[in-house]
2 protein chains.
Amino acid sequence: MITPVRRQTRQRHAITAAISQAGRPLSVHEILAIASKDQPGLGIATIYRTIKALIAAHTLHEVALPGADVRFELADLDHHHHFHCRGCDKVYEMAGCPGNLRSLTPKGFLMEGHDLVISGLCASCLGKRSARG
Amino acid sequence: MITPVRRQTRQRHAITAAISQAGRPLSVHEILAIASKDQPGLGIATIYRTIKALIAAHTLHEVALPGADVRFELADLDHHHHFHCRGCDKVYEMAGCPGNLRSLTPKGFLMEGHDLVISGLCASCLGKRSARG
DNA sequence: CTGCTTGCAAAACATTTGCAATCCC
DNA sequence: GGGATTGCAAATGTTTTGCAAGCAG
C-alpha cells in the first residue's frame, strides 16, 4: 500500500538529499549507502516505501536502463536524458534532446513522453582504459 | 552460471518462436504464457536460463522501460526503437531513429549505443478510450 | 497528543542453482 | 551413448507488508 507523503522526516530528507546532491540518478543501493551516512540505521524498507511515495507524488522519476538497476532522480529537473557508463555502471545526466520524435511515433498512437539513454564509456573509464594500455 | 547454447531443443525453439512471432518484445511472463502453448510443462527456470544464454550469445536483446517489466527481442532486427503503451503495457517496435545523438554525448565520453522509448497510448487503447466517452 | 512514519522481521515475489532424469546430436 | 539441457525444488535475492515503538506537527 502506498502511503501518501504527509510529513517531512529525517529519513525522507536524507533520501532526497542523497539524490539531489549526487547530481545523477541513484539506485536503491546507492541511496542506501549515501543516506545511511546521515541516518545510520536507515532501513531498506523505508527507502522502498519513500521512493514509491515520492514517485506517486511526482517528486521522483524512474530511469530504466538495459542490464542495470533502475535509478531514481528528482522530477523537477529540466528536460534531459541519460548516459549509462558500461565501465563503472554510473548514470550521468545529459543536456539536450534530439527532438522530432513525433515523426517516429506510429500513426494513430499518442506520444506523451520519451526517454533516451546513450551507453558507452564515461571520461573517467576511458582514462583508466588508456592508462592500462 | 551461464551455459553456452550448444543444442537446439524444443524448449528453446518455443521461446524464440514466441518472441519472433509476437513481432514485439516480450516479458518473461509473456514468453512463458505463449511458449507454454507449444511446450506444456515448460519451466520458468528454463526461460530464465535460455534468455541469459541467448543474450550472452547476442541472439536476444534486453529492452528496459520505466515502470514496466523488462522485455526481450531478437537481436538481429534492423536498428529501431520502442513505443510503450501506458494503457495496455504492450511494447511496440518503431521504425526510424532521431540520429544526431553524438552531439548530446558529453565531451570526453564515448558513445557505443543508444535506446529510445516513446510512451503514451497505442491506437487500440485510444480507440477504447474514445468509445468509453 | 495523535496518527504518520519507521525499523524490524516475516511474507511475498522474483531469480538462480543443484541434481537426477531426459533428450539432442 | 555421452554430455548438454530440462523440470523440479531448494536456495538466494528483492520488494512488500504487519506491527509495535518513535517522532513530527
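Hydrogens, waters and symmetry mates play no part in the numbers below; they use all other heavy atoms, side chains included. Letters A, B, ... are given to chains in the order of the sequence lines, protein chains preceding strands, and every chain is numbered from 1. No experiment lies behind these values; they were computed from the predicted model shown.
With hydrogens and angles ignored, a donor-acceptor pair closer than 3.5 Å exists between the side chain of A:Arg7 and the base of C:dC4. Applying the 3.5 Å distance criterion, the base of C:dG18 shares a donor-acceptor pair with the side chain of B:Arg49.
As a whole-Å value, the separation of B:Ile44 CD1 from D:dT12 P is 20 Å. Distance A:Ile51 CD1 to C:dT5 C1': 16 Å, rounded to the nearest Å. Protein atom CD1 of A:Ile15 is 8 Å distant from nucleotide atom P of C:dG7, rounded to whole Å. The CD1 atom of B:Ile2 sits 16 Å away from the C1' atom of D:dA4 (whole-angstrom rounding). If you take CZ of B:Arg6 and P of D:dT6, they are 13 Å apart, rounded to a whole angstrom. In this structure, NE2 of B:His13 is placed 18 Å from C1' of D:dT6, rounded to the nearest angstrom. B:Leu32 places its CG atom 13 Å from the C1' atom of D:dG7, with the value rounded to the nearest Å. When rounded to the nearest whole Å, the span between CD of A:Gln8 and C1' of C:dT6 equals 14 Å.
Side chain to side chain, A:His80 and A:Glu73 meet the donor-acceptor criterion of an N or O pair below 3.5 Å. Under the 3.5 Å distance criterion, with hydrogens and angles disregarded, no donor-acceptor pair is assigned to the side chains of A:Asp115 and A:His82.
Distances shorter than 4.0 Å separate none of the side-chain N or O atoms of B:Thr9 from OP1 or OP2 on D:dA4. For A:Arg12 and C:dT5, the shortest distance from a side-chain N or O to OP1 or OP2 is below 4.0 Å. Residue B:Thr46 has a polar side-chain atom (N or O) positioned under 4.0 Å from OP1 or OP2 of D:dG7. The side chain of A:Gln11 contributes no N or O atom lying less than 4.0 Å from OP1 or OP2 of D:dC23. An OP1 or OP2 oxygen of D:dT5 is reached within less than 4.0 angstrom by no side-chain nitrogen or oxygen of B:Thr50.
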Could you give me the CA-CA distance, side-chain angles and deciding distance for A:His114 and A:His79, then say whether side chain to side chain donor-acceptor pair (under 3.5 Å) is met? CA-CA 10 Å; A:His114 67 275; A:His79 181 73; 3.1 Å; yes

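For B:Arg10 and A:Pro4, each mapped to the nucleotide of DNA chain C holding its nearest heavy atom, the one lying further toward the 5' end belongs to A:Pro4.
B:Val5 comes within contact range of the sugar-phosphate backbone alone, with a heavy-atom separation under 4.0 Å but no base atom that close. Nucleic acid contact class of A:Leu42 (heavy atoms, under 4.0 Å, all strands): sugar-phosphate only. Counting any heavy atom pair closer than 4.0 Å across all strands shown, A:Pro40 reaches no nucleic acid atom.
A:Phe83 and B:Phe109 have perpendicular rings, their planes meeting at more than 60° on a 0 to 90° scale where under 30° would count as parallel.
Applying the salt bridge (Lys or Arg N to Asp or Glu O under 4.0 Å) test between A:Arg71 and each of A:Glu30, A:Glu62, A:Glu93 identifies A:Glu30 as the sole match.
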